[in-house]
Colleague: 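I'd like to ask you about the structure that follows.
Excluded from the calculations below are hydrogen atoms, water molecules and symmetry mates; all remaining heavy atoms, backbone and side chain alike, are included.
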Amino acid sequence: MIDLKAARADPDAFRSALVRKGDEAARLFDELMAADAHWLELIPQVDTLRGRTKLKGKPSEDELEELRRVKVELKQLEDALTEAERERQALLDRVPNPPDVSAPDGFTEDDAVEIRRVGEPSSFDFPVSDHVDLAQAYGWIDLERGARVSGSRFVYRIGDVALLELALYRFALDRLVQKGFVPVLPPVLVREEAMYGTGFFPTDEVNIYAVERDGLFLVGTSEVSLAALHMGEILEDVPLRYAGLSTCFRREAGAAGKDTRGMFRVHQFDKVEMFVFTLAETSRDEHERLLEIEEELVQELELPYRVVNVAAGDLGASATKKYDIEAWFPGQERWREITSTSNTTDFQARRLEIRHRRSDGRLEHVHTLNGTAVTARAMIALMENFQDDGGSISVPGALHEFGAPERLGRVQSTA
RNA sequence: GGAGGGAUGACCGAGUGGCCGAAGGUGCUCGCCUGCUAAGCGAGUAGGGGCUGUUGAGGCUCCUCGAGGGUUCAAAUCCCUCUCCCUCCGCCA
């Protein structure tokens with residue numbers, strides 16, 4: 001949630017920033033300011049009245065009578081205050097984090113600004129296949145059985161592709177640990193507080209699977225369980241850098257009919273995620289650093305890619321700024337997102353009550369950032385970019401030591 | 001699933017109706033001392049809201065001892081509900 005005091009001090013700045021996330025955001029902010037004004041009107045009244053109920057020692061008969069009168073009045077005001085607080089909180093829960101000035105204007109994927117391109121789209125002197133076709137001959141990706149067992153957008157990865165995918169995760173984890181990240185295998189079922197705290201509730205609730213019977217929710221990313229790892233805590237040592245590996249679950253509620261082919265967009269996938277707790281003054285640098293790491297990984301995987309700065313209106317509720325890396329997918333003949341890194345500043349930390357003590361003793365909310373290291377999408381990109389005309393796939397050297405076969409499929413005999 | 005115990009400040013831990021926002025310890029901050037990344041001595045140290053004020057300050061006040069409700073003039077302390085944690089048994093990867 002946003003810093004209410006800061007918003008009061010400069011509502012115009014907040015509003016004009018929030019407008020870039022959409023009219024709805026600005027409208028919610030206006031309502032929030034009105035609800036807050038109402039609350040501010042009530043609180044001193046309640047305070048004063050409460051003060052009059054404080055007595056030391058045993059009260060006299062006269063004082064008792066006076067107390068009873070005050071309490072009747074107080075009850076009404078307190079009820080009004082509770083209601084005002086409820087209204088304000090409901091709005092506070094929905095107002096998104098204002099975008100950073102460096103996030104470009106716009107509201108859609110197409111409004112993202114390309115920052116740079118590394119490598120050229122792969123060219124082939126034979127008709128290219130997408131990952132579905134490539135997997136077909138060897139049964140590497142079983143979509144039909146996935147659908148039969150779990151429904152559409154669920155897949156089995158089988159054989160060499162399973163090994164390749166695991167190698168990818170192990171590779172990313174290894175590189176991150178080298179860079180000082182602490183490896184974590186987090187829970188994937190979390191409580192409501194974790195979903196709320198990371199900003200997925202209430203805004204993005206439709207995309208979350210719920211296990212109603214137990215009041216638990218399946219994480220759409222380990223960002224949730226990693227952020228919540230320190231919920232309610234006062235951190236001694238920042239920055240803290242974690243590398244989480246987990247399965248992710250997404251309902252893809254708004255994505256009907258979109259990316260339905262293959263395993264590009266599925267309900268369940270695996271991801272190595274970076275998550276950082278840091279200080280306000282270093283979060284921008286930390287964000288650039290996360291992007292740098294993501295690029296290093298993609299470069300080691302030898303994938304052609306571009307980096308885009310996502311438009312303000314296309315950011316989630318908690319992000320102020322987001323970089324996506326889009327790899328070239330020959331099967332789709334376009335750049336598609338394979339990683340994403342966001343700076344959520346103090347938005348999540350405020351909801352999760354994660355703070356840090358300054359040397360002068362002052363407590364301050366930390367900043368949190370997240371970034372994808374690798375997901376199964378990177379594997380699809382590998383399959384499509386490194387195919388040969390016989391339908392086999394060469395695997396980048398970086399993955400060999402992590403158990404990936406050097407080549408998927410049989411090499412065509414040149415008879 | 002069954003039985004029992006517990007939830008207090010950054011951490012540990014006292015506290016069974018007003019003298020408690022809370023002993024003591026640890027940690028942390030500052031100072032002193034000490035021939036030195038130790039020990040000792042002294043002082044300070046909960047969070048949040050509102051008003052006022054300052055701009056290397058503070059003052060007044062309200063809320064908070066897991067959460068919510070209740071009893072009472074008065075609750076960390078009594079009652080109810082919920083949540084969570086722990087121990088033992090059962091079950092189980």
Side-chain angles (χ1 to χ4, degrees), chain A residues 1-11 32-93 95 185-197 201 210-217 224-225 228-240 245-247 277-281 346-366:
Chain A
M1 70 187 136
I2 62 166
D3 182 345
L4 199 50
K5 281 184 173 175
R8 282 178 196 151
D10 196 354
L32 172 63
M33 286 296 97
D36 183 50
H38 183 219
W39 182 87
L40 278 173
E41 210 172 288
L42 290 169
I43 190 70
Q45 299 178 40
V46 171
D47 274 10
T48 311
L49 233 44
R50 274 181 185 153
R52 284 170 57 192
T53 66
K54 303 270 157 196
L55 294 178
K56 289 203 168 154
K58 284 189 180 167
S60 68
E61 270 309 310
D62 286 353
E63 284 174 323
L64 275 182
E65 205 178 309
E66 163 72 4
L67 273 176
R68 278 188 261 270
R69 262 202 314 278
V70 171
K71 288 213 155 184
V72 172
E73 203 182 329
L74 183 59
K75 178 83 172 98
Q76 288 183 344
L77 266 174
E78 279 187 328
D79 288 349
L81 180 70
T82 303
E83 179 57 18
E85 214 161 74
R86 200 195 56 72
E87 270 175 37
R88 186 181 72 170
Q89 191 58 45
L91 288 160
L92 209 43
D93 289 346
V95 173
L185 298 171
V188 294
L189 279 166
V190 298
R191 296 220 178 98
E192 191 174 357
E193 298 97 280
M195 283 296 174
Y196 167 80
F201 281 5
V211 182
E212 226 165 294
R213 186 172 170 178
D214 298 287
L216 291 170
F217 303 88
V224 176
S225 27
L229 172 62
H230 290 298
M231 107 181 128
E233 294 182 23
I234 293 172
L235 303 180
E236 299 283 342
D237 304 303
V238 277
L240 289 171
L245 165 62
S246 87
T247 302
F277 299 86
T278 192
L279 299 175
E281 61 269 29
D346 60 356
F347 190 83
Q348 293 180 330
R350 210 171 275 286
R351 290 173 164 232
L352 290 164
E353 270 302 302
I354 303 174
R355 293 173 296 175
H356 169 261
R357 194 178 292 281
R358 296 278 179 178
S359 51
D360 64 2
R362 224 171 66 249
L363 284 173
E364 195 177 278
H365 290 101
V366 299

Colleague: Rounded to whole angstroms, how far apart are CG on A/L81 and C1' on B/G48?
Modeller: 14 Å

Colleague: Say you pick atom P in B/G9 and the same atom in B/G66; how far apart are they, in whole Å?
Modeller: 8 Å

Colleague: Determine the Euclidean distance between corresponding C1' atoms of B/A10 and B/C28; express it in Å to zero decimal places.
Modeller: 8 Å

Colleague: Assess whether a salt bridge exists between A/K75 and A/E78, defined as any Lys/Arg side-chain N lying under 4.0 Å from an Asp/Glu carboxylate O.
Modeller: no

Colleague: Paired with B/U72: which nucleotide, if any, by Watson-Crick or G-U wobble criteria at under 3.5 Å for both distances?
Modeller: none

Colleague: B/A74, OP1 or OP2 - any side-chain N/O from A/K71 closer than 4.0 Å?
Modeller: yes

Colleague: So which nucleotide does B/G90 pair with, by the Watson-Crick or G-U wobble rule with both distances under 3.5 Å?
Modeller: none

Colleague: Looking at B/G49, I'd like to know if its phosphate oxygens (OP1 or OP2) sit under 4.0 Å from a side-chain N or O belonging to A/R8.
Modeller: no

Colleague: Rounded to whole Å, how long is the line connecting atom CZ of A/R88 with atom C1' of B/G48?
Modeller: 12 Å

Colleague: With rounding to the closest Å, how many angstrom separate the C1' atoms on B/U87 and B/A93?
Modeller: 22 Å

Colleague: In whole Å, measure the gap between the C1' atoms of B/G15 and B/U8 for me.
Modeller: 9 Å

Colleague: Could you check how far CD of A/E78 sits from C1' of B/C63, rounded to whole Å?
Modeller: 10 Å

Colleague: Mind calculating the distance between CG (A/L235) and P (B/C28) to the nearest angstrom?
Modeller: 17 Å

Colleague: Where the side chain of A/I234 is concerned, which of B/A10, B/G49, B/G50 is the nearest nucleotide?
Modeller: B/A10

Colleague: With C1' as the reference atom in both, quote the distance from B/G13 to B/G24 in angstrom, rounded to an integer.
Modeller: 8 Å

Colleague: With side chain to side chain contact (heavy atoms under 4.5 Å, CB included) as the test, pick out the partner of A/H356 among A/D237, A/L240, A/V238.
Modeller: A/V238

Colleague: For B/G50, does either OP1 or OP2 sit under 4.0 Å from a side-chain N or O belonging to A/R50?
Modeller: no

Colleague: Partner lookup for B/G44, please. Criteria are Watson-Crick or G-U wobble with both distances under 3.5 angstrom; report none if nothing qualifies.
Modeller: B/C28

Colleague: What nucleotide, of B/C51, B/A10, B/G49, holds the atom closest to the side chain of A/D47?
Modeller: B/G49

Colleague: More than 12 heavy atoms of other residues, nucleotides or ligands under 6.0 Å from CD of A/E212: is that the case?
Modeller: no

Colleague: Let me know, please, whether A/D36 or A/R191 comes out on the 5' side of the other along RNA chain B by nearest nucleotide.
Modeller: A/D36

Colleague: May I ask you to say what A/R355 touches in the nucleic acid, namely base, sugar-phosphate or nothing, with a heavy-atom cut-off under 4.0 Å?
Modeller: sugar-phosphate

Colleague: Name the residue closer to the 5' end of RNA chain B, choosing between A/R357 and A/T48 according to the nucleotide with the nearest heavy atom.
Modeller: A/R357

Colleague: Taking the P atom in each of B/U83 and B/G68, what is the distance between them to the nearest angstrom?
Modeller: 15 Å

Colleague: In the structure shown, which nucleotide is the Watson-Crick or G-U wobble counterpart of B/C65, with both distances under 3.5 Å?
Modeller: none

Colleague: Under 3.5 Å for both donor-acceptor distances, Watson-Crick or wobble: does B/C51 have a partner, and if so which one?
Modeller: B/G59

Colleague: Got more than 12 heavy atoms from elsewhere within 6.0 Å of CD, A/E364?
Modeller: yes

Colleague: Go through A/D36 and A/L40 one step at a time and tell me if the side chain to side chain contact (heavy atoms under 4.5 Å, CB included) criterion holds.
Modeller: CA-CA 6 Å; A/D36 183 50; A/L40 278 173; 3.8 Å; yes

Colleague: Establish, with yes or no, whether the OP1 or OP2 oxygen of B/G50 is under 4.0 angstrom from a side-chain nitrogen or oxygen of A/K5.
Modeller: yes

Colleague: May I ask you to say what A/R362 touches in the nucleic acid, namely base, sugar-phosphate or nothing, with a heavy-atom cut-off under 4.0 Å?
Modeller: nothing

Colleague: Atom CZ of A/R86 and atom P of B/A67: how far apart are they, to the nearest Å?
Modeller: 21 Å

Colleague: Can you tell me how far P in B/A22 sits from the matching atom in B/C60, rounded to whole Å?
Modeller: 15 Å

Colleague: Would you call A/R88-A/E41 a salt bridge at under 4.0 Å N-O?
Modeller: no

Colleague: Can you check the A/D79 CG to B/G69 P distance for me, whole Å?
Modeller: 10 Å

Colleague: For B/U83, which nucleotide in any strand shown is its Watson-Crick or wobble partner with both distances under 3.5 Å?
Modeller: B/A7

Colleague: For B/G56 and B/C51, measure between their C1' atoms and round to the nearest Å.
Modeller: 24 Å

Colleague: Which base sits across from B/A38 as a Watson-Crick or G-U pair, both distances under 3.5 Å?
Modeller: none

Colleague: Please determine which of A/E85, A/Q89, A/E87 meets the side-chain hydrogen bond (donor to acceptor under 3.5 Å, both in side chains) test together with A/W39.
Modeller: A/E85

Colleague: Whole Å only: how far is the CG atom of A/L216 from the P atom of B/U83?
Modeller: 13 Å

Colleague: How long is the line joining CG of A/L4 and P of B/G50, in whole Å?
Modeller: 8 Å

